[in-house]
Amino acid sequence: MMQREALYQLLKNKYGFDEFRPGQYQVISELLAGQDVLAVLPTGTGKSLIYQLVGTVVPGLVIVVSPLISLMQDQVARLNYQGEKQVAALTSQLDFGARQSVLRHLKQLKFLFISPEMLKQAPVLAAVEQVPLSLLVIDEAHCISTWGPDFRPDYLSLGALKQTLGNPLTLMLTATATAKVRQDILNQLQVPSAQQVIYSVNRPNIYLAVEAVANEAAKRQRLQQLVVTVKRPSIVYFSSKKQTELIADWLRATTALRVAAYHAGLSAEDRFKIQQQFMAGDLDVICATSAFGMGINKADIRQVIHYHLPNNLADYVQEIGRAGRDGQPAIAVLLYAPGDEQLVRNLNELTSASAIEIQADQQRFTLQQPATTDLSQVLQYYWTHGYTVPQVTAQFEQRQRAKAADLTQLLTYIQAKTCRRAILMQYFNETAPVHTATCCQLAGERLPLDELGLLTRQTTSRPVTTPWEQILAQLFLQNS
DNA sequence: CGCGCCCAGCAATAGCTGGGCGCGGGCATTATTT
């Protein structure tokens, strides 16, 4: 095992830092001792430095399995910027020739970024098998537990892929994972003996608030008030693409704020542009679905509002955790109108299947008809792995029960009369800090925006539309 | 005519492949605190 001094020397020489961030050293030394590690580290801890350093010390290729092409491209760009040129992302964006080239030159590569779908492909796997691996990294490892069974079944194959690759040293990385999700990850990847390095998910500088409103109209009004009066920028989360557009349009029309909508229905180009605008500080408010988040590392987000409910408390912690990365005060406001929980149930329903539907899909499979829907694709995984209809049915029922339980816990958080941070911490099996005035909003308290220094200096509410005369005058000016 | 009941509308999350079709000139964001 490498000496402590040698690691610090490497940190200094290669990156110019004198100290590791919390967790980094521990994870690296476990890995260098040959231990698989599941690391739950807050965003901003420098997770990529961990595998970069291990990759530098241990000979062989570092494979980083990542859920999003945009994340892979980010990482490749970042490494290139740092001077590391032996890096590639193998994605469907590359044409056949470029892919072949990457696979032929694996031996010269140090880091390969890849999706589970791509890694699973036989030619890719065959090429990777020929190369010595130093480390297998599963980035955003919670996707195994949530995205796998919902709509990306290839995440369920990662355990088997790891076996095929000869069980390389494995690092599982995530920012938020409950005990249940962690267990899920370890089971799926078949690494029961992995060391767990877990840091608190608590973010003391994010004030927690829940506001009950009577109905949709009241919710809109309150949203408008919040985005106008609270320091910017803000993220507003929705569970409907259409609503992100409608509310963004409405905010644009009724305030002077710079507002954009963001969801998976936009073109990749639009998504990229809007994300860049947001990162550059050219937007005050982004109305987004859960598509907006991973890889967003903007330090000065002051407010995260939930216009619709998150799926569960773990998602909530992840989503509000995008605020206040700079350590300055920030606020998370969940707006709740009676009946909002029904939308969560409806969305959960999209990933459920009855015994009859499951039976019918197995029939489809035996008839060798292609899997067309998300559900079919997920079920396909189970059929090709020899599961029976009753087994799959039981699994789907269990998953729906877990989602129902998650919703119950979320509602407990919403209806709480006591410290909400304590409820979040309890959900993550952490001990809660002592409640303070800047922790969260107890029943009947107003938002301490002034005390937190989160008020905007001037309010920019503009409940007027531009008169036609002005628009016409501008047109004439432009043409003259 | 007024009241109450009922109903409709309806939802997120990504990767990969391959073929059809239309169109217009092009190496992209941007960094450095992981």
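Proteins come first, then strands; the chains are lettered A, B, ... in the order of their sequence lines, and each starts at number 1.
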(request) Using atom types as modelled and distance alone, determine if a side-chain donor or acceptor of A:R99 lies under 3.5 Å from a backbone N or O of A:S92. (result) yes
(request) Round to a whole Å and report the spacing from CG of A:N80 to P of B:dT30. (result) 17 Å
(request) Check the distance between B:dT13's P and A:K241's NZ and give it to me in whole angstrom. (result) 5 Å
(request) Give the rounded distance in Å between these two atoms: CG of A:L11 and P of B:dT34. (result) 13 Å
(request) State which of B:dC16, B:dA12, B:dT34 makes the closest approach to the side chain of A:E117. (result) B:dC16
(message) I want to check one thing: is the phosphate of B:dA28, taken as OP1 and OP2, less than 4.0 Å away from some side-chain N or O of A:K273?
(response) no
(message) Defining pairs by Watson-Crick or G-U wobble geometry with both distances under 3.5 Å, how would you list the stems of DNA chain B with at least three pairs each?
(response) none
(request) When you get a sec, tell me which of B:dG15, B:dA11, B:dT13 is the closest nucleotide to the side chain of A:H263? (result) B:dT13
(message) So does A:A160 get a backbone contact from the side chain of A:S157, meaning a donor-acceptor N/O pair under 3.5 Å?
(response) no
(request) Check every atom of B:dT34, B:dC16, B:dT13 against the side chain of A:T351 and return the nucleotide holding the closest atom. (result) B:dT13
(message) Below the 4.0 Å mark, does B:dT34 have OP1 or OP2 next to a side-chain nitrogen or oxygen of A:T45?
(response) no
(request) Would you mind classifying the nucleic acid contact of A:Q121 as base, sugar-phosphate or nothing, using non-hydrogen atoms under 4.0 angstrom? (result) sugar-phosphate
(message) For the residue pair A:K12 and A:F17, would you count it as a cation-pi contact if the rule is NZ or CZ under 6.0 angstrom from the ring centre and within 45 degrees of the ring axis?
(response) no
(request) Would you list the pairs meeting salt bridge (Lys or Arg N to Asp or Glu O under 4.0 Å) in which at least one residue belongs to residues 399-412 of chain A, sequence neighbours left out? (result) A:D150-A:R399, A:D150-A:K403
(request) Scan residues 289-314 of chain A for pairs that pass salt bridge (Lys or Arg N to Asp or Glu O under 4.0 Å), counting only residues two or more places apart or in two chains. (result) A:K298-A:D300, A:R302-A:D326
(request) Indicate whether A:F17 forms a stack on B:dT34; treat it as stacked only if centroid distance is below 5.5 angstrom and interplanar angle below 30 degrees. (result) yes
(request) Residues of residues 212-222 of chain A with any non-hydrogen atom less than 4.0 angstrom from an atom of DNA chain B: list those, numerically ordered, please. (result) none
(request) Starting from the 5' end of DNA chain B, give me the residue, A:F272 or A:P67, whose nearest nucleotide shows up first. (result) A:P67
(request) In whole angstrom, give the distance that lies between atom NE2 of A:H308 and atom C1' of B:dC10. (result) 11 Å
(request) Write down the distance between CZ (A:R345) and P (B:dA12), rounded to a whole number of angstrom. (result) 18 Å
(message) Taking the minimum atom-to-atom distance to the side chain of A:F151, which one of B:dA11, B:dT34, B:dA14 wins?
(response) B:dA14
(request) Kindly say if A:Q277 contacts the phosphate of B:dT29, meaning a side-chain N or O under 4.0 Å from OP1 or OP2. (result) no
(request) Would you please classify the geometry between the A:Y25 ring and the A:F20 ring as parallel, tilted or perpendicular, with 30° and 60° separating the classes? (result) tilted
(request) Might you point out which heavy atoms bring A:I138 and A:A141 nearest each other, and give the distance in Å? (result) O-CB, 3.7 Å
(message) With the threshold set at under 4.0 Å for non-hydrogen atoms, list the residues of residues 317-343 of chain A touching DNA chain B in residue-number order.
(response) A:L343
(message) Using a heavy-atom cut-off of 4.0 Å across all strands, would you classify A:N311 as base, sugar-phosphate, or nothing?
(response) base
(request) Indicate, with a heavy-atom threshold strictly under 4.0 Å, whether A:F20 touches base, sugar-phosphate, or nothing. (result) nothing
(message) Just the rounded figure in Å: distance from P of B:dA14 to CG of A:L71.
(response) 11 Å
(message) Does a side-chain N or O of A:R99 approach OP1 or OP2 of B:dC16 to a distance below 4.0 Å, or not?
(response) no
(message) Check the phosphate of B:dA14 against A:R271, side-chain N and O only, distance under 4.0 Å to OP1 or OP2. Yes or no?
(response) yes
(message) Could you go through A:Q188 and A:Y155, starting from their C-alpha distance and side-chain angles, then the distance that decides it, and tell me whether this counts as side-chain hydrogen bond (donor to acceptor under 3.5 Å, both in side chains)?
(response) CA-CA 9 Å; A:Q188 285 285 340; A:Y155 258 102; over 6 Å; no
(message) Quick check for you: among B:dT29, B:dG15, B:dT13, whose closest atom lies nearest to any side-chain atom of A:Q276?
(response) B:dT29
(message) So does A:E357 get a backbone contact from the side chain of A:S354, meaning a donor-acceptor N/O pair under 3.5 Å?
(response) yes
(request) Could you tell me whether the side chain of A:N80 and the main chain of A:V76 form a donor-acceptor pair under 3.5 Å? (result) yes
(request) Look only at the side chain of A:R203 and the backbone of A:G324, and say whether a donor-acceptor pair between them is shorter than 3.5 Å. (result) yes
(message) Of the options B:dA11, B:dT34, B:dC16, whose atoms approach the side-chain atoms of A:N346 most closely?
(response) B:dA11
(request) Just compare B:dA14, B:dT30, B:dA12 and give me whichever is closest to any side-chain atom of A:L350. (result) B:dA12
(request) Establish, with yes or no, whether the OP1 or OP2 oxygen of B:dG15 is under 4.0 angstrom from a side-chain nitrogen or oxygen of A:S115. (result) no
(message) Can you identify which nucleotide, out of B:dA14, B:dA11, B:dC16, has its nearest atom closest to the A:T91 side chain?
(response) B:dC16
(message) Looking only at the side chain of A:L68 (C-beta and beyond, no hydrogens), which of the listed nucleotides B:dT17, B:dA12, B:dG15 gets closest?
(response) B:dG15
(request) Name the nucleic acid region contacted by A:M118, choosing base, sugar-phosphate or nothing; use a 4.0 angstrom heavy-atom cut-off, strictly under. (result) sugar-phosphate
(message) B:dT33, OP1 or OP2 - any side-chain N/O from A:R21 closer than 4.0 Å?
(response) no
(request) Mind running a 4.0 Å heavy-atom check of residues 280-300 of chain A against DNA chain B and sending the residues that fall below it, in number order? (result) A:T289, A:S290, A:A291
(message) Nearest whole Å is fine: how far is B:dG15 C1' from A:D150 CG?
(response) 15 Å
(message) Quick check on the 6.0 Å ring-centre criterion: do A:W383 and A:Y387 meet it?
(response) no
(message) Parallel, tilted or perpendicular, judged at 30° and 60°: which one describes the rings of A:F278 and A:F292?
(response) perpendicular
(request) Measure from CD on A:Q75 to P on B:dT30 and round the result to the nearest Å. (result) 18 Å
(request) Only one of A:R322, A:H308, A:H306 passes side-chain hydrogen bond (donor to acceptor under 3.5 Å, both in side chains) with A:Y237; say which it is. (result) A:R322
(message) Taking A:S240's backbone N and O only, do any of them form a donor-acceptor pair with A:Q243's side chain (distance below 3.5 Å, no angle check)?
(response) no
(message) Would the distance check show the side chain of A:K110 and the main-chain N or O of A:L61 forming a donor-acceptor pair, the cut-off being under 3.5 Å?
(response) no
(request) Could you tell me whether A:P116 contacts a base, only the sugar-phosphate backbone, or nothing, with contacts defined as non-hydrogen atoms closer than 4.0 Å? (result) nothing
(request) For the pair A:Q24 (side chain) and A:T45 (backbone), establish whether a donor and an acceptor sit closer than 3.5 Å, ignoring hydrogens and angles. (result) yes
(message) Of the options B:dA14, B:dG15, B:dA12, whose atoms approach the side-chain atoms of A:D374 most closely?
(response) B:dA14
